[in-house]
Amino acid sequence: MTSYRFHFRPSPGKGPGMGVLFIRVIHNRRYKDIGRGYVISEDEWDPQSRWVRLSGTDPARTSRLQAISESMKGDHARMESLLSLLSARGEYTLEDIAALFGTSRQDNTLMGYTAIVKEELVADDRYRTARAYLSAAKSLVTFTGKDIPLGEITAALIRAYERYLFDKGLKMNTVSFYMRNLRAIYYRAVKAGLIVKQPVNPFDDVYTGVFETRRRSLDHDQISRLTALEAVLNRKLNECERQGRHAVQGESIQLRRLKEALMYFMFAFHSRGMSFVDLAYLRKSDLTGDTLIYKRRKTGFFMEVKITRPMKKIINYFKKQTAATPYIFPIIDSQTCHRRQYETALSRQNRLLKVLAGMACICKNLSTHVARHTWATMAKRMGYSIPVISEGLGHRDTKVTSIYLDSFGRSTLDELSTRLSKAVNAA
């Protein structure tokens, strides 16, 4: 059982009758005080409600007390959020609470608050989002030349920042990346009660969309050529084993790595474009009969995927390698740093996919994400609707799904135009 309350502590060094507020957290019969840096007078503290008194005749002081009150609401919201998170994870200590909550007195600034949010995201294994938030915050601070209070994120500032990014020669999608992440940080701060939502959305007049770039999906012929590589790799591996010379051992190791990289890619494709991070962390306990039930690490959505014959064949191939681990694939184990193992494996996988693309005569930048784009585009070409494809991918919004989808070829659209013209002329 964990409880927490605000307390007032007199502090003569702050002036006659003045003191500071702090949060006392009690957990497992121990307590820890977390300083918040709010300075008020003893008369401005209500010991019954344990909140600041907002009555007074000085408008400036009343305004300051209102700001403190809003920040205290944010503290409560943040504490409730992290306690919920820690409870879901299982056992935790007072030190865990303090570390996640953050004792920094700069949490009303962009970098200070982003650092706190980053810790919360990392604790929830959302490393990529944490890095994206921090990158966006650092970029804006570089523009302003200093860390800024959250309340100074205004429409005028964001418009000027956007001009600065474009003047630097950044692409539209890069600018949008910074804007979308800053907007997410801003709304988190509003929800936490750290700042009041402004009448004019600071991000209304800047670019937060996704500019259509070259699609990354494979067509039917390319995915077929990639699939056919398994037979080629098996044949070469058999030749190496027959020769048995020391000279070909290195080649055999490389061929086996290429085969496994191909299997990971095809498993991702057959499992509705599963992200490599989700594939890497799949556990044997996620298997229920002929169904795979797992939680997407990016969105937290639970996914249910039918295990098809190609998927089952791939799972069976790795059984010997994963006999001593709880995972389906031999990408990470339960002994060392999971995140480091995953990132090393991701880098290696993308490097090996480049080799496989060359072997299959595919003139595209083949990466783990291409499997996801390919599944979505092929589903679209088979006539499935965007909402269905969106659900299959585990997207929160069909707009995100549209980014994945390849546009129809010129010949297909020309044929459509011709048929429509004929229909109109015949009417």
Side-chain angles (χ1 to χ4, degrees), residues 213-280 282 305 307-322 327-332 341-382 393 404-407 409:
T213 57
R214 185 180 178 184
R215 301 300 185 178
R216 292 189 281 176
S217 64
L218 302 179
D219 58 32
H220 187 273
D221 179 59
Q222 290 170 328
I223 194 72
S224 296
R225 293 204 304 270
L226 201 59
T227 304
L229 280 183
E230 183 178 356
V232 176
L233 292 168
N234 283 335
R235 186 172 63 254
K236 290 186 176 183
L237 276 167
N238 290 335
E239 290 174 0
C240 287
E241 289 177 4
R242 282 197 303 270
Q243 293 177 25
R245 300 196 316 270
H246 180 74
V248 297
Q249 286 184 0
E251 180 183 358
S252 177
I253 292 172
Q254 176 68 354
L255 287 170
R256 189 166 287 105
R257 287 174 177 170
L258 286 168
K259 178 181 176 179
E260 293 182 355
L262 177 60
M263 285 183 161
Y264 292 147
F265 183 88
M266 296 311 301
F267 187 91
F269 170 75
H270 288 297
S271 58
R272 303 207 306 252
M274 183 183 293
S275 297
F276 189 73
V277 65
D278 292 327
L279 182 150
L282 282 179
V305 179
I307 300 173
T308 61
R309 185 176 298 177
M311 291 169 64
K312 189 172 184 179
K313 178 184 174 183
I314 294 170
I315 290 173
N316 289 337
Y317 174 86
F318 289 103
K319 274 189 174 180
K320 287 184 179 179
Q321 296 185 50
T322 60
Y327 298 99
I328 292 177
F329 298 110
I331 296 173
I332 59 176
Q341 290 181 79
Y342 157 69
E343 291 180 345
T344 300
L346 176 62
S347 177
R348 181 174 60 247
Q349 175 73 1
N350 282 325
R351 186 170 62 252
L352 292 170
L353 286 176
K354 303 286 187 297
V355 179
L356 290 168
M359 293 176 66
C361 298
I362 297 173
C363 298
K364 284 190 175 181
N365 183 22
L366 193 61
S367 68
T368 57
H369 221 51
V370 171
R372 194 163 172 79
H373 284 257
T374 302
W375 184 87
T377 297
M378 290 186 72
K380 173 187 173 184
R381 290 180 178 276
M382 292 174 70
L393 292 169
Y404 281 68
L405 297 177
D406 198 356
S407 55

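Everything quoted here is computed from the prediction, not taken from an experiment.
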When rounded to the nearest 0.5 angstrom, what is the spacing between [atom1] in [X] and [atom2] in [Y]?
X    : Y    : atom1 : atom2 : result
L262 : I314 : CG    : CD1   : 8.0 Å
L282 : I315 : CG    : CD1   : 8.0 Å
L229 : N234 : CG    : CG    : 11.0 Å
K380 : S217 : NZ    : OG    : 9.0 Å
M359 : K236 : CE    : NZ    : 4.5 Å
L366 : L226 : CG    : CG    : 6.0 Å

Among residues at least two apart in sequence or on other chains, which ones pass ring pair (Phe, Tyr, Trp, His ring centres under 6.0 Å) with [X]?
X    : answer
F265 : none
F276 : none
F329 : Y264, F267, F318

Least distance between heavy atoms, [X] atom then [Y] atom:
X    : Y    : answer
L218 : I362 : CD2-CG2, 3.9 Å
D219 : Q222 : OD1-N, 2.7 Å
L279 : A268 : CD1-N, 4.1 Å
V305 : S271 : CG1-CA, 3.9 Å
R372 : G273 : NH1-O, 2.7 Å

Test side-chain contact (heavy atoms from CB on, under 4.5 Å) applied to [X] - qualifying residues, sequence neighbours left out:
X    : value
R256 : L237, E241, S252, E260, Y317
P310 : H270, T308
R309 : none

Original post:
Going by the side-chain hydrogen bond (donor to acceptor under 3.5 Å, both in side chains) test, which pairs reach into residues 348-363, not counting sequence neighbours?
Top reply: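 side-chain hydrogen bond (donor to acceptor under 3.5 Å, both in side chains) check on residues 348-363 returns K354-N365.
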Original post:
Does N238 have any side chain to side chain donor-acceptor pair (under 3.5 Å) partners at least two apart in sequence or in another chain, and if so, which?
Top reply: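 Side chain to side chain donor-acceptor pair (under 3.5 Å) check on N238 returns nothing, list empty.
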Original post:
side chain to side chain donor-acceptor pair (under 3.5 Å) with K320: which residues, sequence neighbours excluded?
Top reply: none
Original post:
Among pairs that include at least one residue of residues 262-279, which meet salt bridge (charged side-chain N to carboxylate O under 4.0 Å, His left out), considering only residues two or more places apart or in two chains?
Top reply: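 Residue pairs with at least one partner in residues 262-279: D278-R296.
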Original post:
Can you tell if the side chain of K364 reaches within under 4.5 Å of the side chain of V370, non-hydrogen atoms only?
Top reply: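 The answer is no; the side chains never approach within 4.5 Å.
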Original post:
Taking C-beta and beyond as the side chain, do T368 and L353 meet within less than 4.5 Å on heavy atoms?
Top reply: yes
Subject >> T227 side chain to I223 backbone, donor-acceptor under 3.5 Å >> reply: yes
Subject >> salt bridge (charged side-chain N to carboxylate O under 4.0 Å, His left out) partners of E230, counting only residues at least two apart >> reply: K313
Subject >> Qualifying residues under salt bridge (charged side-chain N to carboxylate O under 4.0 Å, His left out), relative to R225, sequence neighbours excluded >> reply: D221
